[in-house]
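Notes follow once the structure below has been shown.
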Amino acid sequence: MNLDLSGTALDVAPRLLGGVLISRVGGLSVRVRIVEVEAYLGAHDPGSHAYRGRTARNAVMFGPAGHLYVYRHLGLHHCINVVCGQPGTATAVLLRAAEVIDGEKVAWQRRQAAGVCRTPRDLARGPGRLAVALGLTGEHDGVAIGFEVDGPELVALRSGGGAVPVVRGGRVGVNGPGGDSQRYPWRYHLAGDPHVSAFRAGKV
DNA sequence: CGTAAGATTTACT
DNA sequence: GTAAATCTTACGA
């Protein structure tokens, strides 16, 4: 089943949960099940990078859906977004955490090379860790997303198909006015899944 | 041009 | 629990 990315991040985010992401970076295949995402709505969202307009970094978000927006955070880590919506609307879904279901050995080696990973649970639990496990870096900013498991694209996305228990809550590290982390409840994750990262409120 | 803050992770007290 | 690492963008002088 193909994913429809033409809606806003709020439409797309819940549908990505339970879906499968395949990465073939460097010829090494890693497959993960998405368990946690966050929606970002561009110009209408103070927490979005695109809130204050287009820059060289976030240009991809203003483009058509079905592309990867990868950015470097704090100089050390990368975060992966799926661009959705229409061109000109900078809406995207941040992939925050996933469960590695195939290519665990490759993911483990990448995580060991970049830092320390003690348990399989931590392989892709968190945005930066997920990027490492998948082998995605700043070079992959703007690459097209495929929808076939064995397609030519570097990364591919597939819907999980069935309904999954979704929990909605405040985004991690992002606050609304007055330090209210629940002001924009645009974080979605699978209920009770151990691979979901811990919630942290943003700085006030 | 200089400074502050950020969609984070890791290590140390 | 708290701090440090480290780079890009935004904003004030």
Side-chain angles (χ1 to χ4, degrees), chain A residues 8-10 12-14 16-17 21 32 34-62 67-85 89-100 107-142 167-189 194-204:
Chain A
T8 70
L10 290 178
V12 174
L16 292 180
L17 289 178
L21 182 68
V32 300
I34 300 168
V35 301
E36 181 183 359
V37 298
E38 278 176 12
Y40 286 87
L41 271 71
H44 303 287
D45 178 6
S48 170
H49 287 162
Y51 181 54
R52 288 180 182 82
R54 178 179 184 143
T55 67
R57 180 178 61 162
N58 64 28
V60 176
M61 269 199 293
F62 288 84
H67 290 252
L68 244 43
Y69 165 50
V70 184
Y71 72 95
R72 196 168 9 210
H73 184 43
L74 289 163
L76 301 173
H77 308 286
H78 295 278
C79 296
I80 313 298
N81 293 252
V82 174
V83 177
C84 50
T89 66
T91 175
V93 177
L94 167 69
L95 305 180
R96 284 198 55 86
E99 170 190 5
V100 178
W108 184 274
Q109 287 173 350
R110 283 172 174 155
R111 290 278 291 124
Q112 288 294 336
V116 182
C117 183
R118 293 175 181 79
T119 74
R121 185 186 177 218
D122 287 338
L123 270 179
R125 189 169 78 118
R129 295 165 171 177
L130 175 63
V132 170
L134 294 174
L136 295 172
T137 71
E139 335 173 348
H140 304 108
D141 186 39
V167 178
R168 193 179 70 151
R171 290 181 294 185
V172 174
V174 180
N175 277 339
D180 181 7
S181 65
Q182 302 300 314
R183 176 65 182 80
Y184 303 103
W186 297 337
R187 172 187 187 231
Y188 302 82
H189 63 88
H195 301 90
V196 172
S197 64
F199 175 77
R200 293 192 316 277
K203 283 200 309 185
V204 178

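What you see is a predicted model; the values in this text were computed from it and never measured. Naming: A, B, ... by sequence-line order, numbering from 1 per chain.
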pair A:Val93-A:Cys84: side-chain heavy atoms closer than 4.5 Å
yes
Short side-chain N/O contact from A:Arg111 to OP1 or OP2 of B:dT10, under 4.0 Å
yes
Separation of atom CG in A:Leu76 from atom C1' in B:dA7, rounded to whole Å:
15 Å
N/O (side chain, A:Arg129) to phosphate O (OP1/OP2, B:dT10) under 4.0 Å
yes
What is the distance, rounded to the nearest whole Å, between atom CD of A:Glu38 and atom C1' of B:dA7?
6 Å
Do A:Arg171's NZ or CZ and the ring of A:Tyr40 fall within the cation-pi criteria of under 6.0 Å and 45°?
yes
Among B:dT9, C:dT9, C:dC7, the one nearest any side-chain atom of A:His77 is B:dT9
Look at the aromatic rings of A:Trp186 and A:Tyr184 and report parallel, tilted or perpendicular, splitting at 30° and 60°.
tilted
So, do A:His73 and B:dG6 meet the stacking rule of ring centres under 5.5 Å and planes under 30°?
no
Quick check: does any side chain N or O of A:Arg111 sit under 3.5 Å from a backbone N or O of A:Leu123, one acting as donor and the other as acceptor?
yes
Rounding to a whole Å, what distance do you find between A:Glu36:CD and B:dT8:C1'?
13 Å
Does a side-chain N or O of A:Arg200 approach OP1 or OP2 of B:dA7 to a distance below 4.0 Å, or not?
no
Shortest side-chain distance from A:Tyr69, nucleotide among B:dA7, B:dT9, C:dC7
B:dA7
Please tell me whether A:Tyr71 and A:His78 form a close aromatic pair, meaning their ring centres lie under 6.0 Å apart.
no
Please state the P separation for the pair C:dA4 and B:dA4 - nearest whole angstrom.
15 Å
Quick check on C:dC11: is either OP1 or OP2 less than 4.0 Å from any side-chain nitrogen or oxygen of A:Arg52?
yes
A:Gly115 near the nucleic acid: base, sugar-phosphate alone, or nothing, with a heavy-atom cut-off under 4.0 Å?
nothing
Would you mind reading off the distance between A:Arg54 atom CZ and C:dA10 atom C1', rounded to a whole angstrom?
18 Å
For C:dG1 versus B:dA7, give the span between their P atoms, rounded off to a whole number of Å.
23 Å
Return the value, rounded to whole Å, for the distance between atom NE2 of A:His49 and atom C1' of C:dC7.
12 Å
Return one dot-bracket line describing DNA chain C 5' to 3' (Watson-Crick or G-U wobble pairs, both distances under 3.5 Å; ( ) same strand, [ ] crossing, | another strand, . none).
|||||.||||||.
Just verifying a value: how many Å separate A:Leu16 CG and A:Leu95 CG, rounded to the nearest 0.5 Å?
6.5 Å
Give the C-alpha distance, both sets of side-chain angles, the deciding distance and a yes or no for side-chain hydrogen bond (donor to acceptor under 3.5 Å, both in side chains) between A:His49 and A:Tyr69.
CA-CA 11 Å; A:His49 287 162; A:Tyr69 165 50; 3.1 Å; yes
Length of the line joining A:Tyr51:OH and C:dT8:P, which is rounded to integer Å
25 Å
In whole Å, I'd like the distance from the CG atom of A:Leu74 to the P atom of C:dT9.
14 Å
Does A:Arg171 put a side-chain nitrogen or oxygen below 4.0 Å from OP1 or OP2 of B:dA7?
no
Between B:dA11, B:dA7, B:dT9, spot the one nearest the side chain of A:Val116, thanks.
B:dA11
For A:Tyr71 and B:dA7, do the ring centres fall under 5.5 Å apart while the planes stay under 30° apart?
no
Walking DNA chain B from its 5' end, the first of A:Val172 and A:Ala114 to be reached, judged by nearest nucleotide, is A:Val172
Distance, rounded to the nearest Å, where A:His78 contributes NE2 and B:dT8 contributes P:
15 Å
How close do A:Val174 and A:Gly47 get, counting heavy atoms only, and between which atoms?
CG1-CA, 4.0 Å
Can you tell which of C:dT9, B:dA11, C:dC7 lies closest to the side chain of A:Ala56?
C:dT9
